[in-house]
Amino acid sequence: MNDTLSIVDFADWPADIFNVEATAVAATGDGFIFAFAERADGETSTNIQWAAFDSDTLTFGAFASIPFPSPDPAQSSRPLVGMDFDSAGNLYTVSAFDPDDDNGPFTSAVWRVGRLQTNGATAEIVLDEAPELLGRLDGLKTESVTIREVGGGVEVWIGTDDENFGGLLRVLP
């Protein structure tokens, strides 16, 4: 058994960036969509950008963008720190409050905020008028979300980075 990891190829980052915090890939009938968002620390919004992605050539199509306002600006200093899509195209995100002190206090929230709509070779992220709060995690700085589809349902998994207190990975109840 070979237990080593090696990089076989790479792609240059496809857009101007400052501090990317969230990325996600969605499978479509025609390939993949790659999406990302900046950390936007201390801001009340960020932009979600997305483009077609060819995994064989590691190339990106033209990027589109949509403003993403924080679902709860009073409880978040980082409007979008993690995101993922389910197979139906629903977009899940995490927002977090981090006081820039490695001892906290932290809080975060997990949301279903919209969906990826595809039509042939085109794709568009459409945000819901009212995001759906799936869970608030007081005392935890959730920084990632991933979706696991099992038994006809969706499990929402979160990962935390609680600085001096470590981290965890668990399913959202």
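What's counted below: heavy atoms across the whole structure, side chains too, no hydrogens, waters or symmetry copies. The structure displayed is predicted, hence computed values, not measured ones.
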For the CZ atom on Arg170, are there more than 12 heavy atoms of other groups (residues, nucleotides or ligands in this structure) within a distance under 6.0 Å?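 12 or below, so no.
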
Which value, rounded to the nearest 0.5 Å, describes the distance between Thr160 atom OG1 and Leu169 atom CG?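 Separation between the atoms: 8.5 Å.
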
For the residue pair [X] and [Y], establish whether any side-chain heavy-atom pair is separated by less than 4.5 Å.
X      : Y      : answer
Leu116 : Glu124 : no
Pro105 : Pro99  : yes
Val110 : Val156 : yes
Leu91  : Ile48  : yes
Ser108 : Lys141 : no
Asp41  : Ser77  : yes
Arg136 : Asp72  : yes
Phe60  : Asp54  : no

Indicate if [X] and [Y] have the same hydrophobic cluster label, given that clusters are the connected sets of ILVMFWY residues with side-chain heavy-atom separations under 4.5 angstrom.
X      : Y     : answer
Leu127 : Trp50 : yes
Ile147 : Val81 : yes
Leu80  : Phe36 : no
Met83  : Val94 : no
Phe63  : Ile66 : no

List for me each residue that meets side-chain hydrogen bond (donor to acceptor under 3.5 Å, both in side chains) alongside Thr46, sequence neighbours excluded, and say none if there are none.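 Thr46: no side-chain hydrogen bond (donor to acceptor under 3.5 Å, both in side chains) contacts found.
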
List for me each residue that meets side-chain hydrogen bond (donor to acceptor under 3.5 Å, both in side chains) alongside Glu149, sequence neighbours excluded, and say none if there are none.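 Residues passing side-chain hydrogen bond (donor to acceptor under 3.5 Å, both in side chains) with Glu149: Ser87.
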
With a 6.0 Å cut-off on the ring centroids, do Phe85 and Phe32 count as close?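 Ring-ring flag for Phe85/Phe32: false, centres at least 6.0 Å apart.
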
Would the Phe106 and Phe97 ring centres measure less than 6.0 Å apart?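 No, they do not, as the ring centres are separated by 6.0 Å or more.
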
Consider side chain to side chain contact (heavy atoms under 4.5 Å, CB included). Of Asn90, Leu134, Asp86, which one does Val154 pass it with?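 Result for side chain to side chain contact (heavy atoms under 4.5 Å, CB included) with Val154: Asp86.
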
Output yes when Asp128 and Arg112 qualify as a salt bridge under the 4.0 Å nitrogen-oxygen rule, no when they do not.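 No.
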
With a 3.5 Å cut-off and sequence neighbours excluded, list the donor-acceptor pairs that the side chains of residues 4-23 form with protein atoms.
{"residue": "Thr4", "atom": "OG1", "partner": "Asn2", "partner atom": "OD1", "Å": "2.7"}

Any idea which heavy atoms bring [X] and [Y] closest together, and the distance?
X      : Y      : answer
Phe53  : Leu58  : CZ-CD2, 3.7 Å
Val25  : Phe34  : CG2-CD1, 4.1 Å
Thr118 : Ala123 : CG2-CB, 4.0 Å
Phe68  : Pro79  : CE2-O, 3.5 Å

Criterion salt bridge (charged side-chain N to carboxylate O under 4.0 Å, His left out) on Arg78 and Glu43, from CA distance to verdict: CA-CA 7 Å; Arg78 298 179 185 168; Glu43 302 293 329; over 6 Å; no

For Asp138 and Thr107, does a side-chain donor sit closer than 3.5 Å to a side-chain acceptor?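 Per modelled atom types, Asp138 and Thr107 side chains form a pair under 3.5 Å.
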
Does any donor atom in the side chain of Thr146 or Asp84 lie under 3.5 Å from an acceptor atom in the other side chain?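 Their side chains do contain a donor-acceptor pair, which is all the 3.5 Å distance test asks for.
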
